[in-house]
Amino acid sequence: MEKLTYRSIDEDVLRNMQAPTRTYYYLLALCFAGILLGAFCWGYMIATGIGVAGMKHPVFWGTFLINFVFWVGIAHSGTLISAILYLFRAPWRTAIARSAEAMTVFAVVTAGLFPFIHLGRVWIVYWILPYPNERNLWPNFQSPLVFDVIAISTYLTVSAMFWYTGLMPDLAVVRDKARGIRKKIYGALSLGWTGSHRRWNHYGKAYLLFAALATPLVISVHSVVSWDFALSIVPGWHSTIFAPYFVAGAIHSGLAMVLTLLIPMRKVFRFEHLITMNILENIAKTIIFTGLIVGYAYATEYFMAYYSGNVFERDTMIWRAIGNYSTAFWIMVVCNTLVPLLLFFKRVRTNLKRLFAISILVNVGMWYERFVIIISSAAHQFDPYSWTHYSPTWVEYGIMLGSFSLFGFLFLLFARFLPTVSMTEMKESLEPPRRNHRSRSISGTGEGSS
Amino acid sequence: MAGFDRRDFLKIMGLAGTTAAMGCSPESNRTLVPYISPPEDLVPGESTWYATTCRECPAGCGVLARNRDGRVIKLEGNPSHPVNEGKLCARGQAALHGLYNPDRYRQPMKKVRRNQWEPAQWDKARAALADRLTRIVNRGRGQRIAFISDLQTGTLGNLVHHWLSRMGAPPPWIYEPFSYEPLKEANRIAFGAAVLPHYHLHEADFLLSFGAGFLETWLSNVEHARSFARFRTPHEGRKNVFVHVGPRFSMTAANGDLWIPVAPGDEYLVALGILQLAVKHLTPDNISGKLGGQLLAAAREIPLEDILKRTGVEKNLLEKVALAFAQARTPLALAEGLSFTSPHSLETAVAANLLCLVREESMKAIDFGQPSSVQDCDSSRRMRELCTRMRRGSIELLLVHHANPAFFLPRSWEFEEALQEVPMVVSFNTAPDDTSRHAHWVLPTHTPLESWGDHVPRKGIRGLMQPVMGPVFHTRHLGDILLSVGRQVRGPHAFPAENFREVLRCAVQKAGEHEAPHVPAREFWQQSLRRGGIWPAREEPAKAPPHRTLSFSFQRAFRTQESPEGLHCTLFPTVQFFDGRGANRPWLQELPDPVSQVTWGVWVEIHPDTARKMGIAKGDLLRIQSPHGETHAPALPLPSVAPHTIAIPMGQGHEEFGRYAAIHYGHPLHLLSSRTDDRDGAMERQAFKVSLEKHGRTIPLANVDGSIYQHGRGFARAMPFREHQKGLAAGTRPHLYLPLPEGYDPAKDFYPPHDHVDYRWAMAIDLDRCVGCGACVVACNAENNVAIVGRDQMIKGRFMSWLRVQRYFEEDHSEMRFLPMPCQHCDNAPCESVCPVYAPHHSKEGLNNQVYNRCIGTRFCAQNCPYKVRRFNWFTFTRPEPLNWQLNPNVTVRQKGVMEKCSFCVQRIIEAKHRARDRNEKVQDGDFTTACAQTCPADAIIFGNLMDSRSRVRKLIEDPRTYQVLRELNTKPAVFYLKKLTQNPFEA
């Protein structure tokens, strides 16, 4: 492998911003078509009523909230990688932080749509906001949904700013190499970055500040999302384990999604020397860890149901495993807790194909986890007379496809128009060029450039 | 700007504004058109109540119709009426859907081709009928006219008789599918009078029913439900025992203390067995003498061993029932007496009478002084004769009024083919049905709610009918049609009366001369109309039958051989559809059947074990074949029948009955032959077994129950009667979390209690009184504009009713419990805390209000409601014109995306508070009640103010059997249930 230099990093990273291939356009068109389909389905649902989805009495929450939790979960490991690992000085995060953070922003954007889609009367959704109105009506701050609005919007704001702050010096690099209209656009986006010492100083402080701000959000946002469930009294939801359980699940799914995105990207953009196998291995090891936490949470739920002697809780748990949705339950258990154990084998976690397959399986498993939690509890609550069976309709599948397309679309645009690897941080990790050149190991990350 | 001045600008702005306004039309298009000269008794916003009589079945309950701004919006029972005392059943409530049925005939119709109709003018229609009549009458062939009508007892019946006689025609065929011929014949055999007496269930102290569904359709179900509630209200430390013998665990059976399952047709054997075993416990004066000898002879005709062997009833059990029977002072035995439900209905009816004959005291419960008018219906034999005459071509003109024989008569009768042979069929129907589709002319008549008239449900009671609103469509009263056609045919002098109303007024005033001689005629008429009819001031004691004797042989029935193959089959009428006439009422279609919980469709009840053995799953379409015919219906495995029996409901399978009766299969009467019984003239129901065959197709059942069991969750609870007595004696208080400040405990409650001002509304539901009929559900739908969602949405689980009567089987299938479940109006409501926009709102009076306008549809409230009483508007459900005329203007009509639920009839609360304020006082207990409580025939629902220490609800909840559903969740519900009281006097 050739040695990394400042120049080579610039060239490698900016290669993805050259004119794309035809395949790229096909993919972009495909995603756009998916978005259109999702938009049509949503429009149709607004025009006719939520009844075109499969929800029914008493499963009032269906795939919309499943997808909401799924996408919020995806968002989390982006911040984990970009902020927490930054604070913890884990050098292997450098190459993937930008993509992971982009994934966070796009996943939150996608997730944020679902509460809107879910609403029966989305046209008055602003009533949930504490806006001044002539009737002095405030939202109900007791409601976990209001927590949700605050948590998600905060998260979106902070992670977007964090992402953008990190982008700024790189945008300046792009600007410097661009011509014509591109130069103007990137010039505006880089907010007149000059690379002066002052700027680097401010940049470093801001970046650290946002990292520090984003870190607790990783824990808090998904905890709040879990309270949508835990603060209700529904058997299977009403549990104190939910916050850590959801956070671990979120990171689990997010790491898997990072692998799902990075492995193809690494190949397409030939980033093998930037995103090394070592990095992928580290992610894989973390997945083992989160998978074990998730598995422990599953076991705890069953233990609590057994030990509490609560008949409703116990029946719900038994029913999850053997009832209508037992297939979903066993997919969840196998994909989330058993499959990641394979990563203990070095042969598996260093094989890209296997790693990719496992990441997909974990994603599927995590989607089903939300399905099992939301649907099986709702369908099998206190009143046996009201037990039922729910299955999604084409509208819900359409919207779900639309959400994946939206995420893919945004990520494709990102891959084309923005530097997908942080050049700044990569350069920081290099040995600074000196006249009296001495062989030195690559130092840790530095704050700002010296 | 040149050439563009201020005026041009305004013009363009105006145009743009108009375009914008037209582009998005508002969701509701409201127009208010004031009267130029309003009717005298119409005050906008105020209801006017008109007394009339329900004609949904022959029981003839008194009705008060609530008219708001010219449209009737709700029916309630007439509290002073002796039949129903202010209560109505589901069918009575749904009479409005007959009135506002969108499929009604809107004007006269003339058939031009098969299945093709064109509207006609009334003059033309009347002329067509008059022409034909004139031709027939002038040729002296009046005998070739036939008139089929449903039961018409009063003045209209007399007019029809008179009119027919003036035409030289035979008297009308009074056709009611439920005409109880076997019961009449059995009463002739036992009591010497072929009548349908009036049963006072509450006079009895031991009740035996041989298949009689007296809480569902039998003779007069509302009256019987009230009477039954009195019968089994505990008094003097005991609770009367009711034993149901029959092939199906029906709603009536579910209200008994014991259900003895027998094969259809074997009920009489159980009765004989009871008598044989009771002999040793009876005092000699009951079974000595001539009558006693006759009874014993009849009972002993079949040896006890044979009875036990055939019926499979344990001797031990039968002994105990016999002992209870012998110890009772006034035992009463009832038999269904419908010939087609089970074989040997005459034997069953006679055997029941046999038991009634044992003690003279039983006659206190059977009143021969007030026989039911249903006995005036013609027997199936007379219908058979008409059918034969029609086939022979000797009927030239057939007039049909409100009767629907083409639906009810089995296919083997070939009634529809016979109709083809009649050159002219004229239907006086309100809506298209199976019979009127074969008519050549339809002269649509008013529905009973638009009509003048009177109805005599039983001797001594004459309910008056008056139009409770103007006619909805261009229809006429049958009386008016007959009068004007009669004048055209017979000349003006033949029918001098101006219109039917005058005829009725004269008849009532004439009755007044006798009833109240010193009241002026005009005033008597007004008074009677206002009261709703004419009846004696107080109930008279039961009149004895002409004689008590018995000579009857059960041998013939016992020796009938059934094929060993196949399954027994019982057909049953349902509380929703009666004989099928309710099938075009969407409220009734959407009311879950009390036992099967199925809506919008037909089903076959089959025991789960049998179904498993035969490889039949729920929804499998079955071909059910008898030796005489076949029918098709989807299977419903349910432990409501014995393993050897299947049960099929009647009422569905209309060929044509409007858009709501869209199930064209599954009419069980097609299993019957065309023969009539030679003894009672009823439709013969042979003792046959049916074979089941799978079509290989499944039809989804729109049932609303998830699990049939409670899974130990204590939703519908019961308590042994003895234990309750002990609790009462010991002064045990129930353990409740009251929805009042006293129900809060800082150790347990995070939030402080609510401060209620003056009122804390609450409800007590006595599960020991609730019979499960579902009247409350339909009343609630009517009062609160609850949407009808239709079969497809029902299958998807989107039913909207605010109140549901849950049905739970006990795990051993020995007991069935009903649990009406409205919103619990919790004081610590899980729905309130989770809504982000405060749409569920706790009022100062403890109501859990749902603010529709505030709701954004997150559905969190419903998800968090442990009682699952919240309903979401998955679509904007609409009602076709004129069904929407029924909407209650006091209640918001909900749009898509909004959550709704039981409001404790908040509009009634507000109205009551307004009235109380006018009197300068607080609302008193009993000033008003909710729609469900108002109509409950058994008075199982009591609504009131919990903060009023003298209110009935407050007193009721001190009973030791009071409990709150899911109390352990600490929701502090304001709906209190009183446990059902079980007793098993026959336990080993």
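All values below come from the heavy atoms of this structure, side chains included, with hydrogens, waters and symmetry mates left out.
For the pair A/Ser143 and B/Pro836, the tightest heavy-atom approach, listed with the atom from each and the gap, is OG-N, 3.5 Å. Contact record, A/Ile124 with B/Cys855: CD1-O, 3.8 Å, taken as the closest heavy-atom pair. Between A/Lys56 and B/Gly797, the closest heavy-atom pair is CB-O, 3.9 Å.
Residue-level contacts of residues 824-835 of chain B with chain A, in order of numbering, are B/Pro830, B/Glu832, B/Ser833, B/Val834, B/Cys835; threshold 4.5 Å between heavy atoms. Residues from residues 109-118 of chain A that place a non-hydrogen atom less than 4.5 Å from a non-hydrogen atom of chain B comprise A/His118, given in numerical order.
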Note to self: Between B/Phe872 and A/His57, does the ring-ring contact (aromatic ring centres under 6.0 Å, His included) criterion hold? Intermediate values first, please.
What the structure shows: CA-CA 8 Å; B/Phe872 186 68; A/His57 183 93; over 10 Å; no
Note to self: Run A/Trp138 and B/Tyr838 through ring-ring contact (aromatic ring centres under 6.0 Å, His included) and show every step you take.
What the structure shows: CA-CA 9 Å; A/Trp138 282 77; B/Tyr838 286 121; over 10 Å; no
Margin query: Before you tell me yes or no, could you show the steps for B/Gln895 and A/Arg121 under side chain to side chain contact (heavy atoms under 4.5 Å, CB included), namely the whole-Å CA-CA distance, both residues' side-chain angles and the distance that decides it to 0.1 Å?
Written below: CA-CA 10 Å; B/Gln895 72 161 172; A/Arg121 300 206 294 173; 2.6 Å; yes
Next item on the list: Determine, stepwise, if the pair A/Trp387 / B/His711 fulfils side chain to side chain contact (heavy atoms under 4.5 Å, CB included).
Entry: CA-CA 12 Å; A/Trp387 289 350; B/His711 301 266; 3.3 Å; yes
Note to self: For A/His238 and B/Asn864: C-alpha separation, side-chain torsions, deciding distance, then whether side chain to side chain contact (heavy atoms under 4.5 Å, CB included) applies.
What the structure shows: CA-CA 10 Å; A/His238 185 60; B/Asn864 207 27; over 6 Å; no
Notebook entry, point to check: Under the side chain to side chain contact (heavy atoms under 4.5 Å, CB included) criterion, do B/Ile856 and A/Trp123 qualify, and how do the steps go?
Noted result: CA-CA 8 Å; B/Ile856 61 173; A/Trp123 46 95; over 6 Å; no
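The part of B/Tyr709 that comes within reach of chain A is its backbone (N, CA, C, O), which places non-hydrogen atoms under 4.5 angstrom from that chain. Contact annotation for B/Lys868: both backbone and side-chain heavy atoms come within less than 4.5 Å of a heavy atom of chain A. Residue B/Leu969 touches chain A through its side chain alone, counting heavy-atom pairs closer than 4.5 Å. Proximity to chain B is absent for every atom of A/Tyr390, based on heavy atoms less than 4.5 angstrom apart.
With chain B as the partner, the residue from A/Val149, A/Asp228, A/Asp148 showing the most heavy-atom pairs under 4.5 Å is A/Asp228. Contact count against chain A (heavy-atom pairs under 4.5 Å) is highest for B/Asn853 among B/Thr971, B/Val837, B/Leu819, B/Asn853.
Residues A/Leu119 and B/Thr858 form a side-chain contact, since some pair of their non-hydrogen atoms from C-beta on lies under 4.5 Å apart.
For the 3.5 Å distance criterion, the side chains of B/Gln597 and A/Tyr385 qualify, holding a donor opposite an acceptor.
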Using a 3.5 Å cut-off and no angle test, enumerate the donor-acceptor pairs between side-chain atoms of residues 40-52 of chain A and protein atoms at least two apart in sequence or in another chain.
residue, atom, partner, partner atom, Å
A/Thr48, OG1, A/Tyr44, O, 2.6

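Using a 4.0 Å cut-off between charged nitrogen and carboxylate oxygen, A/Asp383 and B/Arg713 do not count as a salt-bridge pair.
For B/Glu810, the salt bridge (Lys or Arg N to Asp or Glu O under 4.0 Å) criterion is met by B/Arg817, not counting sequence neighbours.
Between B/Trp874 and A/Phe60, the ring-plane angle classifies as parallel under the 30° and 60° cut-offs.
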